[in-house]
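Throughout, a chain's letter reflects where its sequence line sits, starting with A, and its residues are numbered from 1.
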There are 2 protein chains.
Amino acid sequence: MEKRTALRTRLGRQVSQKDVAREAGVSQATVSRVLTSEETVSEEKQERVWRAARELGYRPNAIARSLVRQSTRMVGLVVTPFFNPYYSRVIADFTRELQERGFWTMLLNVDDQDSVEETLPEALRYQLDGVILACATLSSRLADECERSGTPVVLFNRYVLDAKVHSVCCDNVTGGAMVAKALIDGGHERYAYVSGVQETSTDRDRMRGFAEELASRGYRLAYHEVGSDTYESGAEAGRHLLQRDAPPDAVFCATDLMALGVLDVARYELDLSVPRDVSIVGFDDIPMAAWRGCSLTTVRQPVDEMVPAAVEIMLKAVEKPGGEVVEQRIRPTLVRRGSARL
Amino acid sequence: MEKRTALRTRLGRQVSQKDVAREAGVSQATVSRVLTSEETVSEEKQERVWRAARELGYRPNAIARSLVRQSTRMVGLVVTPFFNPYYSRVIADFTRELQERGFWTMLLNVDDQDSVEETLPEALRYQLDGVILACATLSSRLADECERSGTPVVLFNRYVLDAKVHSVCCDNVTGGAMVAKALIDGGHERYAYVSGVQETSTDRDRMRGFAEELASRGYRLAYHEVGSDTYESGAEAGRHLLQRDAPPDAVFCATDLMALGVLDVARYELDLSVPRDVSIVGFDDIPMAAWRGCSLTTVRQPVDEMVPAAVEIMLKAVEKPGGEVVEQRIRPTLVRRGSARL
DNA sequence: CTGAAAGCGCTTACAG
DNA sequence: CTGAAAGCGCTTACAG
């Protein structure tokens, strides 16, 4: 018997509660109680169990526990444009926050909405306790899938109009308006907006806030370029805009990444002086915006508030499903640096 | 009976194979065979099972399967300095590559070696099929833990001398030497090296390759600053170095992130002309290095080869444990841009 | 306080 | 080809 245990262990079979129980001379249930439940067990048996566990190098099997508890304490994190530094931050913050709350992150890599549709259902087989969709949208089909499996979903940086799904966003309309206000006060004349990924609530709201504020002060959005949330697409948009006959003297970009593309084209390709010839403003406040060579004026998304808020909503929903749908909007702040006359 | 099924399903209990079996009028084992095994089942029953599964919206439970198969198809990914854009790329590539091979990524966020020691064992409770340690080191204690649980480990961008653990690295010694060679050919006189996180094989090798090549050509490493792999620490190092009496005219930094800090200090704080007054070279080739405002000469790590190589090694080790230890070194390339006279 | 037993949802020999 | 049964490693009523 002794021999067999040793043999099996050596063969790679993990040490289980059964092994610990045998070693400690108690039942397997008692081992479970000592190691992981709140139920009381006599001092003496606790001792024996702990010792046996230590000696055998016992490690609880979270997969087995998940199966019986019907809860994995794993959360799916879906982030769709991986390349934007803003999302690196988001990933880092989510994993840390979740970890601190005792949850583990399954990170999904998807390029676009189509692959979300394809990949998320596969991942749900792992009985994720919840899903955070950062910058992807929940189609009704996906919403259905999640609902059916009882998996709470929190949208981050997106929302859907026919609400019924939690979301945490920066208040993008206000953000856009703040930029317009500041640029108008700075005495600009011709305004342009550069879209990131269109058809997202985020892009729509930033543009709307910007355009509406302009309108309310008697200005109009003269130009609108469409990028794809990359540095290069920003550069491309910058070339189009700044080489027009009547070029804009104020360019607001949906994201910092694109704004930096515009900035570099203005400075290094077209030899313009920023902000004397043109003011450029971004959104997000990625670390590079603060670099001396960039000094990008931008709108800061309060990621440090948004992420904990999203996690809080998620965990509440995990604990008791069927609560109210929360749609949190967090106010951004304007960060004045050197790329705009304000 | 009908009613009960419906009720239980509505209550959130997932549809299981048992439910599908009942609906299809076959045994639960047959459902399993149809849905997930290679065993043959009669056409007719296959039909019935598929239909029932579809109608009930059955989704396989990967946790249960993992338990019996003793394999979760989840891989732990530990990345230690999250803030460096180089690692965003690494995370993105690993998750994509793993996903394509049918594995899922559990992403761990740890700040330093200490938290690896603490967090990884907890994560191993999830019976990860393997672990990729990107830029963290495997202490002997950790190596032990993994060995005992039979979890293969692949180090990425690190290695340990008392080898016994797989690793994939860029050939950092060669990389450092390439920089030295090019700078010497460019006619520089006084050389400086800026360390990232010291005490890592990566930093050591880059410096060694650099210094040895200098020595072999009759030059010496005049200055050595120590940073912490951040833009700011690079800036700080730049201030120290470039304000000396006999400042270096060639600065090689362990990472692009720090090199960009040096670059910006040189250009915007000290009003030096780069590369006329000083050449600055980085390592990694992060996207920002190619930005027009940066134009950083650097050594490119072939991430697109390194990540698949690491995954390959990992999966081989998962399939048959106890194979040979693989230590792969991949040759980097020098990318000539505007920040160095070469 | 504690053990025997059921059960989480699967896979996979074992018989037939 | 197919069902009954054992078992993966746990948790948790149920009795005592």
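Nearest to the side chain of B:Val26, among C:dG9, D:dT11, D:dG3, sits D:dG3.
A salt bridge is absent between A:Glu23 and A:Arg48: the closest approach of a Lys/Arg side-chain nitrogen to an acidic carboxylate oxygen does not fall below 4.0 angstrom. Ion pair B:Glu312/B:Lys316 flagged as a salt bridge, since at least one NZ, NE, NH1 or NH2 atom sits closer than 4.0 Å to an Asp/Glu carboxylate oxygen.
Put simply, B:Arg69 has a side-chain N or O that comes within less than 4.0 Å of OP1 or OP2 on C:dT12. At least one side-chain nitrogen or oxygen of B:Gln17 sits closer than 4.0 Å to the OP1 or OP2 atom of C:dT11. Taking side-chain N and O atoms only, A:Ser42 has a distance below 4.0 Å to OP1 or OP2 of C:dT2. A close approach under 4.0 Å does occur between a side-chain nitrogen or oxygen of B:Ser32 and OP1 or OP2 of C:dT11. Remark: B:Lys18 is not in phosphate contact with C:dT11, judged by side-chain N or O atoms under 4.0 Å from OP1 or OP2. Taking 4.0 angstrom as the limit, A:Thr36 places a side-chain polar atom (N or O) nearer than this to OP1 or OP2 of D:dT11. In this structure, B:Tyr58 reaches the C:dC10 phosphate: one of its side-chain N or O atoms is under 4.0 Å from OP1 or OP2. A:Thr30 has a side-chain polar atom (N or O) that falls below the 4.0 Å cut-off from OP1 or OP2 of C:dG3.
Between A:Leu35 atom CG and D:dT11 atom P the separation is 8 Å, expressed in whole Å. Atom-to-atom, CD of A:Gln28 to P of D:dG7 comes out at 14 Å; the value is rounded to the nearest Å. Rounded to whole Å, atom P of D:dC8 lies 9 Å from atom CG of B:Leu67. Taking atom CD on A:Gln127 and atom P on C:dC8, their separation rounds to 13 Å, with Å as the unit. What separates CD of A:Gln70 from C1' of D:dC10 is a distance of 12 Å, to the nearest Å. Distance CG (A:Asp19) to C1' (D:dG7): 15 Å, rounded to an integer number of Å. The CD1-P distance, from B:Ile63 to D:dG7, rounds to 23 Å in whole Å. The CZ-C1' distance, from A:Arg48 to C:dT2, rounds to 12 Å in whole Å.
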Inset, instruction - Go through the steps to decide whether A:Gln127 and B:Asn61 satisfy the test side chain to side chain contact (heavy atoms under 4.5 Å, CB included), and finish with yes or no. - result: CA-CA 7 Å; A:Gln127 317 298 112; B:Asn61 184 324; 3.5 Å; yes
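When heavy atoms are screened at a 4.0 angstrom cut-off, B:Arg125 is found touching no nucleic acid atom at all.
For the pair A:Arg65 and B:Ala64, both in contact range of DNA chain D, the more 5′-proximal nearest nucleotide belongs to B:Ala64. Along DNA chain D, the nucleotide nearest to A:Ser16 and the one nearest to A:Arg33 differ in position, and the one closer to the 5' end is contacted by A:Ser16.
In this structure, C:dA13 forms no base pair with any nucleotide, since neither Watson-Crick nor G-U wobble geometry is met with both distances under 3.5 Å. With a 3.5 Å ceiling on both atom-pair distances, D:dA4 lacks any Watson-Crick or G-U wobble partner.
Side-chain atoms of B:Asn109 come within 3.5 Å of backbone atoms of A:Ala92 as a donor-acceptor pair (strictly under, hydrogens ignored).
In the model, A:Thr202 has no side-chain atom that pairs as donor or acceptor with a side-chain atom of A:Thr200 under 3.5 Å.
Two residues are said to be in side-chain contact when any heavy atoms from C-beta on lie closer than 4.5 Å; B:Gln99 and A:Ser115 fail this criterion.
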